[in-house]
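These figures come from a predicted structure and were not determined experimentally.
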Amino acid sequence: MTSATILRDGDDRPPQARRAAFLDRDGTIIVERHYLHDPLQVALETDAAAGMRMLQDAGWVLVMVTNQSGIARGYFTLEAAARVNDAVEAQLRAEGVQLEGIFMCPHGPEDACLCRKPAAGMLHDAADRLNLDLARSVVIGDKRSDLEAADRVGAAGILVTTGNGAQDRDWASATGHRIAASLLEAACHLQAFAPHPLGSTAENTPVAGDPAPSD
C-alpha cells in the first residue's frame, strides 16, 4: 500500500482535472544518498527549487513520487522515511515551492506491488486524490523506472542526469524521451514547448551528468 501525504486541502482545488509534474525524490529533487534515512542529510539538488518554482508558476501541480525499498529491506522504518520527506518538503517550502502531495512506495522489487515504479500505482493514486489529468502530465526523474511509469499512463517523461540519470541516458535517448541536466532545464523545456511538452518528434538534447548509487 502506498504511503500518501496530501499537503493541500481538497476544497481549494478546482473541479477540472489538472496537469501535474510528478517528481522523483532521490537524485532528482535532492542529492542522492544511499538509502537515505537521516533528515539532517537532506540537501536539494542544484537548481531543483528554481525549476520547481518555474513549474509551479506555470500552473503545474507538484507531486513527489518516491520508491523507498529500504523500508522493505529493513534498513529504516516507514517513520524514518516520512521524516526525510518532511525535511524535503520543509526545504522546498523555504524556497517558495509547495508540493501538493507526497506518495511513497515502501515495498521492495520482489514484492510485486502495484505502486513501486515503474508500476504506475502512485501516479493513479495521486490522480484520484488530487484531481489530476495524467495524459497532460509529466514525470521527471533520474531513472528509467520513472520514465517507464510515465509511459504506462500516457504522460510525458523527462530524464534528468543528476543522481543516476547518466546511467540511463542512452536508453532514454533511444526510446525518444527528453533528457535534461537538471530540474531547471527540464522546466525550461516544458515552458518552451507548452502545451506539447515533448513536441511532435520528441527530439532529444542529451546533457552530461554524473552517476550516483541506486536506491
message: For H124, is the NE2 atom crowded, meaning more than 12 foreign heavy atoms sit under 6.0 Å from it?
response: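 Enclosed.
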
(Q) Whether E100 and R18 form a salt bridge (side-chain N of Lys/Arg under 4.0 Å from carboxylate O of Asp/Glu) is what I want to check. (A)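 Yes, this pair counts.
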
Co-membership, hydrophobic cluster, residues [X] and [Y], 4.5 Å side-chain:
X	Y	answer
F76	M104	yes
I158	L184	no
V63	V153	yes

Provide the closest heavy-atom pair for [X] versus [Y] in the form atom of the first, atom of the second, distance.
X	Y	answer
A186	V160	CB-CG1, 4.5 Å
E45	G27	OE2-O, 4.1 Å
Q91	A43	OE1-CA, 4.2 Å
R136	W60	O-CZ3, 3.7 Å
L123	A150	CD1-N, 4.4 Å
R83	P39	O-CB, 3.8 Å

Counting C-beta onward and ignoring hydrogens, is there a side-chain heavy-atom pair between [X] and [Y] closer than 4.5 Å?
X	Y	value
I140	F22	no
V42	L36	yes
Y35	S69	yes
L92	L99	yes
C105	K117	no
L190	V138	yes
N67	R25	no

- Task: Verify side chain to side chain contact (heavy atoms under 4.5 Å, CB included) between I179 and S173, making sure each step is shown before the conclusion.
- Result: CA-CA 7 Å; I179 301 169; S173 180; 3.9 Å; yes

Original post:
Strictly by modelled atom types, are D133 and Q16 linked by a side-chain donor-acceptor pair under 3.5 Å?
Top reply: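 There is no such pair (donor and acceptor under 3.5 Å, judged by atom type) between the side chains of D133 and Q16.
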
State whether the side chain of [X] and the backbone N or O of [Y] hold a donor-acceptor pair below 3.5 Å, judged by distance alone.
X	Y	result
E89	N85	no
D111	C113	no
T175	A172	yes

- prompt: Among T28, D168, I29, T161, whose side-chain contact (heavy atoms from CB on, under 4.5 Å) with D142 holds?
  reply: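 When T28, D168, I29, T161 are each tested with D142, the side-chain contact (heavy atoms from CB on, under 4.5 Å) holds only for T28.
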
Does V88 form a side chain to side chain contact (heavy atoms under 4.5 Å, CB included) with M64? I'd like the steps, not just the answer. CA-CA 10 Å; V88 175; M64 188 168 77; 4.0 Å; yes

Rounded to the nearest 0.5 Å, what separates atom [atom1] in [X] from atom [atom2] in [Y]?
X	Y	atom1	atom2	result
L130	L62	CG	CG	11.0 Å
F103	T66	CZ	OG1	13.0 Å
C115	H107	SG	NE2	5.0 Å
Q41	I30	CD	CD1	10.0 Å
D24	S145	CG	OG	7.0 Å

query: Going by side-chain heavy atoms closer than 4.5 Å, which hydrophobic residues are tied to L147, directly or by a chain of links?
result: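 In the cluster with L147 are L159, W171.
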
Side chains of residues 48-57: which donor-acceptor pairs under 3.5 Å do they make with residues two or more places apart or in other chains?
residue, atom, partner, partner atom, Å
R53, NH1, E95, O, 2.8
Q56, OE1, Q98, N, 2.7
Q56, NE2, G96, O, 2.8

message: List the residues meeting side-chain contact (heavy atoms from CB on, under 4.5 Å) with A119, not counting sequence neighbours, and say none if there are none.
response: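 Here the qualifying residues are R152.
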
